[in-house]
J.: 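Please see the structure below; I have some questions.
One is the number of the first residue; the rest follow in order along the sequence.
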Amino acid sequence: MCGIWALFGSDECLSVQCTCAMKIAHRGPDAFRFENVNGFTNCCFGFHRLAIVDQLYGMQPLRVKRFPYLWLCYNGEIYNHNTLKEQFGFDYQTKMDGEVLLHLYDRFGIKKMASLLDGVFAFVLLDTANSKVHLGRDTYGVRPLYKFLTDDGFLAVCSEAKGLIDITHSMTTAASIVPFLPGHIEVFDLQPSGKVQSVQFEQFHCCTQEPAHAVYDTVGKLPTGFDVETVKSNIRKLFENAVRKRLMAHRRIGCLLSGGLDSSLVAATLVKLAKEAKLPYPIQTFSIGSEDSPDILAARKVAAHIGSEHHEVNFTAEEGIQALKEVIFHLDSYDITTIRASVGMYLVSKYIRTKTDSVVIFSGEGSDELTQGYIYFHKAPSPTAAAEDSVRLLKELYMFDVLRADRTTAAHGLELRVPFLDHRFTAYYLSLPEDMRVPKDGVEKHLLREAFKGLNLIPDEILWRRKEAFSDGVMSVKKSWHSCLQEHLQTQVTDEQMEKARKLFPHNPPTTKEAYHFREQFEENFPGRAQWLSHYWMPNWVSTTDPSARTLSIYEAKQ
């Protein structure tokens, strides 16, 4: 996890522009470098480093003697870098996982390079020999990337949008700042002036496709057929492999543990594989909530079962409310459910950073989207509709759950790892028959639960624990965090303000006082940037104006 920032064709003195790069300093607390590009006086890279792999030679932009014309700034982890090194006989100069990008690009070009990467990444690759700039981002956008482009070809990129909003340029019209689309690469021609022109923009991988790197994977070809036992075995095999490959780190590994199915499966598998790998420390697990919250109690049971070194972080509604302003600044978003769920994750990340030495943090993100875990999936009109909505959610992760998980951990210099979004695992799960993946017997994620039944990996009551949104489960059953928030914000926004909300905020107008307050805070930091969010996250096939599962009639029926 790092922060990347780069300019091509700057209209302003670079020493003035580079102050903008400091807005993402939290992403890389270990080191910072700002470097001009030889021969292009108005082009530069900025890099904030969190040292995870190769602490000696890991600074960026990464350059090696064999390719003196290539400059690489990337944020991510490439889990198959050693496999590819052996497969293609690459001669590495460093121990950096990112060095494989340079060799792949030289051998195969940009599109095949990106498709062979098993991992999470956002990169800027400059080729001065061929006057090209390349951008790319992983399939689900686990690593963030924003792009700023003026009409006359001044390009700026950054891990977070906040690092671009104060960039100055000569155009009279405002330059748009947009999230770079996950699973895509873009190629620009680089002019002598440093300005660029986009010449190629295309998708290199979609979540429903088997990834190109699968043929080199350590888990070989899987048994085919859709009989239940084969499918369950394949799910276990791929999931365990997803966790194993993510053990790649020179810093201590920990795991978020809400006590729900997803984080419990990740934590239990992580503890098991860490012992097999003989890691020199116990795995730390972290849960957050009020003392009697469902999440705290469930996480405690899981931690005792798997034998992790468990930490509980208690927080009150007042502390959560006080953190809102910081959280919205770090998110670059005003989405309602994203902000609600981010507060707990932000506070637990703060605890991890200040009270422990864990830096690489595993989490259960992506499972709900992949395995149809949201309670509203019980209302899907057909298995086909449910499967289509699952893919839609996965494609939108970069705006919601993955954005939340990245920003709240990155705010405190932690690196997030999400095994449920492993390329092979997701492609396999999405290839299964639609009727296998739907909720069954009144239970969502039925297939995933069945796959781990009878193994004693996690307690049975947790294996079959119903879905509880992170923003709801962190407080007591009687009064959810979402209720506490709404109660407080009733006093912060007037009825008169609500009447004018649609006129004041025509794009995604807020319909509740909570949403209005979030939007106000967002506009304070990022005036006129509401377009970053195309729509609010809301459940499908149900009539509601609030994203909380606790407002749904299905939730009441299942209590």
Side-chain angles (χ1 to χ4, degrees), residues 1-3 24-32 47-60 75-77 79 95-97 119-120 142-143 159 243-259 263-264 266-289 295-296 299-300 302-304 306-315 319 323 326 330 342 344-365 405-419:
M1 198 286 302
C2 302
I24 60 161
H26 49 272
R27 296 190 70 87
D30 294 332
F32 171 67
F47 180 68
H48 295 275
R49 184 172 190 222
L50 178 67
I52 301 293
V53 176
D54 195 346
Q55 303 196 30
L56 185 60
Y57 296 108
M59 271 308 282
Q60 296 182 36
N75 165 210
E77 302 80 49
Y79 303 122
K95 292 178 183 171
M96 287 295 291
D97 54 317
V120 293
V142 174
R143 290 292 173 261
S159 294
V243 175
R244 183 182 288 107
K245 68 177 74 162
R246 284 164 175 77
L247 292 175
M248 180 184 88
H250 295 161
R251 303 288 287 270
R252 185 168 183 169
I253 294 170
C255 189
L256 298 181
L257 179 59
S258 71
S263 64
S264 299
V266 171
T269 307
L270 176 59
V271 167
K272 175 188 159 197
L273 295 178
K275 284 175 186 166
E276 287 177 16
K278 295 186 169 53
L279 292 191
Y281 51 80
I283 295 294
Q284 295 179 324
T285 49
F286 305 93
S287 64
I288 185 164
D295 281 2
I296 284 278
R300 199 178 292 166
V302 176
I306 66 176
S308 62
E309 183 190 299
H310 191 53
H311 296 244
E312 292 181 0
V313 182
N314 287 311
F315 87 106
E319 287 169 324
E326 286 172 43
H330 279 288
S342 291
M345 207 160 174
Y346 180 83
L347 293 173
V348 77
S349 297
K350 188 176 187 178
Y351 171 91
I352 295 169
R353 184 68 191 179
T354 55
K355 306 286 188 189
T356 80
D357 59 347
S358 285
V359 177
V360 175
I361 306 299
F362 279 61
S363 182
E365 262 69 41
D406 172 81
R407 300 301 195 285
T408 53
T409 49
H412 301 290
L414 304 176
E415 176 173 293
L416 184 81
R417 297 201 174 167
V418 283

J.: To the nearest 0.5 Å, what is the distance between CZ (Arg407) and OG (Ser342)?
T.: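 The OG atom of Ser342 is 10.0 Å from CZ of Arg407, to the nearest 0.5 Å.
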J.: If you round to the nearest 0.5 Å, how far is OH of Tyr346 from NE2 of His330?
T.: 4.0 Å
J.: Quick check: closest heavy atoms across Ala405 and Thr408, and the distance to 0.1 Å?
T.: O-OG1, 3.5 Å
J.: Gly364 and Val266: which non-hydrogen atoms are nearest, and at how many Å?
T.: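 Closest heavy-atom pair between Gly364 and Val266: CA-CG2, 4.1 Å.
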J.: I would like to know whether Ile253 and Leu247 meet side chain to side chain contact (heavy atoms under 4.5 Å, CB included); could you show each step before the answer?
T.: CA-CA 8 Å; Ile253 294 170; Leu247 292 175; 4.1 Å; yes
J.: Quick one: list whatever passes side-chain hydrogen bond (donor to acceptor under 3.5 Å, both in side chains) with His310, sequence neighbours left out.
T.: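 Only Thr285, Ser287 meet the side-chain hydrogen bond (donor to acceptor under 3.5 Å, both in side chains) criterion with His310.
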J.: So, are Arg251 and Glu77 salt-bridged, with charged N and O less than 4.0 Å apart?
T.: no
J.: At their closest point, which heavy atom of Ala268 faces which heavy atom of Ile306, and how far apart are they?
T.: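 Scanning both residues, the minimum pair turns out to be CB-CG2, 3.6 Å.
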J.: Flag the pair Lys95 / His250 as yes when at least one side-chain heavy-atom distance between them is below 4.5 Å, and no otherwise.
T.: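 With C-beta onward as the side chain, the pair stays apart.
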J.: Nearest 0.5 Å, please: how far is CZ in Phe362 from CZ in Arg417?
T.: 6.0 Å
J.: Can you name the side-chain hydrogen bond (donor to acceptor under 3.5 Å, both in side chains) partners of Thr269, sequence neighbours left out?
T.: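 Per chain and number, Thr269 pairs via side-chain hydrogen bond (donor to acceptor under 3.5 Å, both in side chains) with no residue.
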J.: The criterion is salt bridge (Lys or Arg N to Asp or Glu O under 4.0 Å); which residues satisfy it with Arg353, sequence neighbours excluded?
T.: none
J.: Quick one: CG on Asp406 to OG on Ser159, what's the gap to the nearest 0.5 Å?
T.: 8.0 Å
J.: Listed by chain and number, what are the ring-ring contact (aromatic ring centres under 6.0 Å, His included) partners of Phe47, not counting sequence neighbours?
T.: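 Once residues adjacent in sequence are excluded, Phe47 has no partner under the ring-ring contact (aromatic ring centres under 6.0 Å, His included) criterion.
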J.: Heavy atoms only: give me the nearest Ser358-Gln284 pair and the separation to one decimal.
T.: OG-OE1, 2.6 Å
J.: Can you check whether His412 and Tyr351 have ring centres sitting under 6.0 Å from each other?
T.: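 Distance test on ring centres: not under 6.0 Å, no.
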J.: Can you classify the ring geometry of His311 versus Phe286 as parallel (below 30°), tilted (30 to 60°) or perpendicular (above 60°)?
T.: tilted
J.: Could you work out, with ring-ring contact (aromatic ring centres under 6.0 Å, His included) as the rule, every residue matching Tyr281, not counting sequence neighbours?
T.: none
J.: Excluding sequence neighbours, so at least two apart, what forms side-chain contact (heavy atoms from CB on, under 4.5 Å) with Ala31?
T.: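 Per chain and number, Ala31 pairs via side-chain contact (heavy atoms from CB on, under 4.5 Å) with Arg49, Met59.
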J.: Could you tell me the separation between the OG1 atom of Thr356 and the CG atom of Leu414, rounded to the nearest 0.5 Å?
T.: 7.5 Å
J.: For the side chain of Arg246 and the backbone of Gly119, is there at least one donor-acceptor N/O pair under 3.5 Å apart?
T.: no
J.: Can you list everything that forms a side-chain hydrogen bond (donor to acceptor under 3.5 Å, both in side chains) with Ser349? Sequence neighbours excluded, please.
T.: none
J.: With sequence neighbours left out, write down each residue that passes salt bridge (Lys or Arg N to Asp or Glu O under 4.0 Å) with Lys350, or none if nothing qualifies.
T.: none
J.: Is it the case that the side chain of Ser263 and the backbone of Ser258 share a donor-acceptor pair, with hydrogens and angles ignored and the cut-off at 3.5 Å?
T.: yes
J.: Sequence neighbours left out, what passes salt bridge (Lys or Arg N to Asp or Glu O under 4.0 Å) with Glu326? Give chain and number order.
T.: none
J.: To the nearest 0.5 Å, what is the distance between CG (Asp357) and CZ (Arg252)?
T.: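 It comes to 4.5 Å.
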J.: Considering the options Leu416, Val360, Val359, Ile352, which one meets the side-chain contact (heavy atoms from CB on, under 4.5 Å) requirement together with Thr409?
T.: Leu416
J.: Report the C-alpha separation of Arg27 and Asn75 in whole Å, then their side-chain angles, then the decisive distance to 0.1 Å, and conclude whether the side chain to side chain contact (heavy atoms under 4.5 Å, CB included) test is met.
T.: CA-CA 10 Å; Arg27 296 190 70 87; Asn75 165 210; 3.3 Å; yes
J.: Apply side chain to side chain contact (heavy atoms under 4.5 Å, CB included) to Leu256 and Ile361, showing your working.
T.: CA-CA 7 Å; Leu256 298 181; Ile361 306 299; 3.6 Å; yes
J.: With Asn314, which residues qualify under side-chain hydrogen bond (donor to acceptor under 3.5 Å, both in side chains), at least two apart?
T.: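 Scan of Asn314 (side-chain hydrogen bond (donor to acceptor under 3.5 Å, both in side chains), adjacent residues dropped) gives none.
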J.: Can you give me the closest heavy-atom contact between Val313 and Val348, atom names plus distance?
T.: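 Scanning both residues completely, I find the closest heavy atoms to be CG2-CG2, 3.9 Å.
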J.: Specify the closest pair of heavy atoms between Val271 and Ser308, including all atoms of both residues, with the distance to one decimal.
T.: CG2-CB, 4.2 Å
